[in-house]
Protein chains: 2
Amino acid sequence: MRPLFHPALEDIKPEAILYALSDPERAAIYAQLAGAACGNTCSALAELGDRVIPKSSLSNHFKVLRESGLIVSERQGVEMRNQTRCAELDERFPGLIKAILTAYGQIPEQLKTG
Amino acid sequence: MRPLFHPALEDIKPEAILYALSDPERAAIYAQLAGAACGNTCSALAELGDRVIPKSSLSNHFKVLRESGLIVSERQGVEMRNQTRCAELDERFPGLIKAILTAYGQIPEQLKTG
DNA sequence: TCCGTAGTTCAGAAATTCGGAACTGTTGAT
DNA sequence: ATCAACAGTTCCGAATTTCTGAACTACGGA
């Protein structure tokens, strides 16, 4: 497996963020991660709405989120822990993530103040 | 020519907004409109960066912006006046547009306070 | 009526997305 | 050591979307 790519904070592009979150399924995954205290695995999120997301699609969603700079993924044994880069991102693009999650009506408690 | 479709405020979807602005060219057009006091025409924006945007592409960009709810277009004689729906949108998705334009580093004066 | 201008629509090529099947890497059992 | 189970990735073909030149429509002026 290829090593996972994570962009440096300064290389994160707004268009990549917007693109990644313009897919409601990905946005829901991201919102879920933003709400989870600890990192979440891939398969834990396979069933967000009514449909079951195929695992290749899910894997791709995580890749898009990761490479846009929204999340960090780290292999932990057989599975993958995924966490948001909220704090970092808010520094680079103030208010952006919060406004997007609010627009989707998915703002988690942790982000409400700030 | 078919009548132009504009979604009602309550029908505007966050994913459509994000998608529309995830294209840097469209975002630049939108930022330009947001900065212009009066509406702007299509062809006035044909040359934003270094490349000249083909007019069919430009027409499509405006269509995407319009149908996502970001702008209103109105025929005025032979040309088209385009205006943003900033105020309305900010009511529906507080802070979203401002945060996006800020992220792109294109926040116009009019939006800086508020 | 005929021409020029602004923008839209059409259509085919190119690029992207989706998802099943095969594969990789890790853990635990025998 | 070998095997099986599991989490996730990669591959690749089908379906969808995007792009843009060319044709077309709509309006205004001469």
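Atom set for the values below is all heavy atoms of this structure, side chains included, hydrogens, waters and symmetry mates excluded. So that the names make sense, note that chain A is the first sequence line, chain B the second, and so on, each numbered from 1.
Regarding A:Glu74, its CD atom lies at a distance of 15 Å from the C1' atom of D:dG8, rounded to whole Å. Atom CZ of A:Phe62 and atom C1' of D:dT9 are 13 Å apart (whole Å). Computed from coordinates, the A:Leu58 CG to C:dC18 P distance equals 12 Å when rounded to whole Å. Rounded to a whole Å, the CD atom of B:Glu79 is 15 Å from the C1' atom of C:dT8. What separates CG of B:Asp23 from P of C:dT16 is a distance of 12 Å, to the nearest Å. Atom CG of A:Asn60 is separated from atom C1' of C:dG19 by 10 Å (rounded to the nearest Å). Between the NZ atom of B:Lys63 and the C1' atom of D:dC19 there is a distance of 13 Å, given to the nearest Å. As rounded to whole Å, 12 Å separates atom P of D:dA7 from atom CZ of A:Arg81.
Phosphate proximity of D:dC19 to B:Arg51: absent, as no side-chain N or O sits under 4.0 Å from OP1 or OP2. Between C:dT8 and B:Ser59, a contact under 4.0 Å exists linking OP1 or OP2 to a side-chain N or O.
With values rounded to the nearest 0.5 angstrom, A:Leu65 atom CG is found 10.5 Å from A:Thr84 atom OG1.
A heavy-atom distance below 4.5 Å is found between the side chains of A:Leu70 and A:Ile97.
The residue A:Arg26 sits apart from the nucleic acid: no heavy atom pair falls under 4.0 Å.
If you run side-chain contact (heavy atoms from CB on, under 4.5 Å) between A:Leu4 and each of A:Arg66, A:Glu74, A:Arg75, only A:Arg66 comes through.
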Verdict with supporting geometry, B:Tyr30 and B:Ser68, side chain to side chain contact (heavy atoms under 4.5 Å, CB included)
CA-CA 12 Å; B:Tyr30 182 77; B:Ser68 71; over 6 Å; no
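Looking at which nucleotide of DNA chain D each of B:Tyr19 and A:Lys55 is closest to, the 5′-most match is held by A:Lys55. Mapped onto DNA chain C by nearest heavy atom, A:Val78 and A:Ser56 fall at different nucleotides, with A:Ser56 at the one closer to the 5' end. The residue among B:Ser57 and A:Ser57 whose nearest nucleotide of DNA chain C lies closer to the 5′ end is B:Ser57.
Proximity note for B:Arg75 (side chain, C-beta onward) versus C:dA6, D:dG8, D:dT9: the nearest is C:dA6.
B:Glu25 and B:Arg51 are joined by a salt bridge, as a carboxylate oxygen and a charged side-chain nitrogen come within less than 4.0 angstrom of each other.
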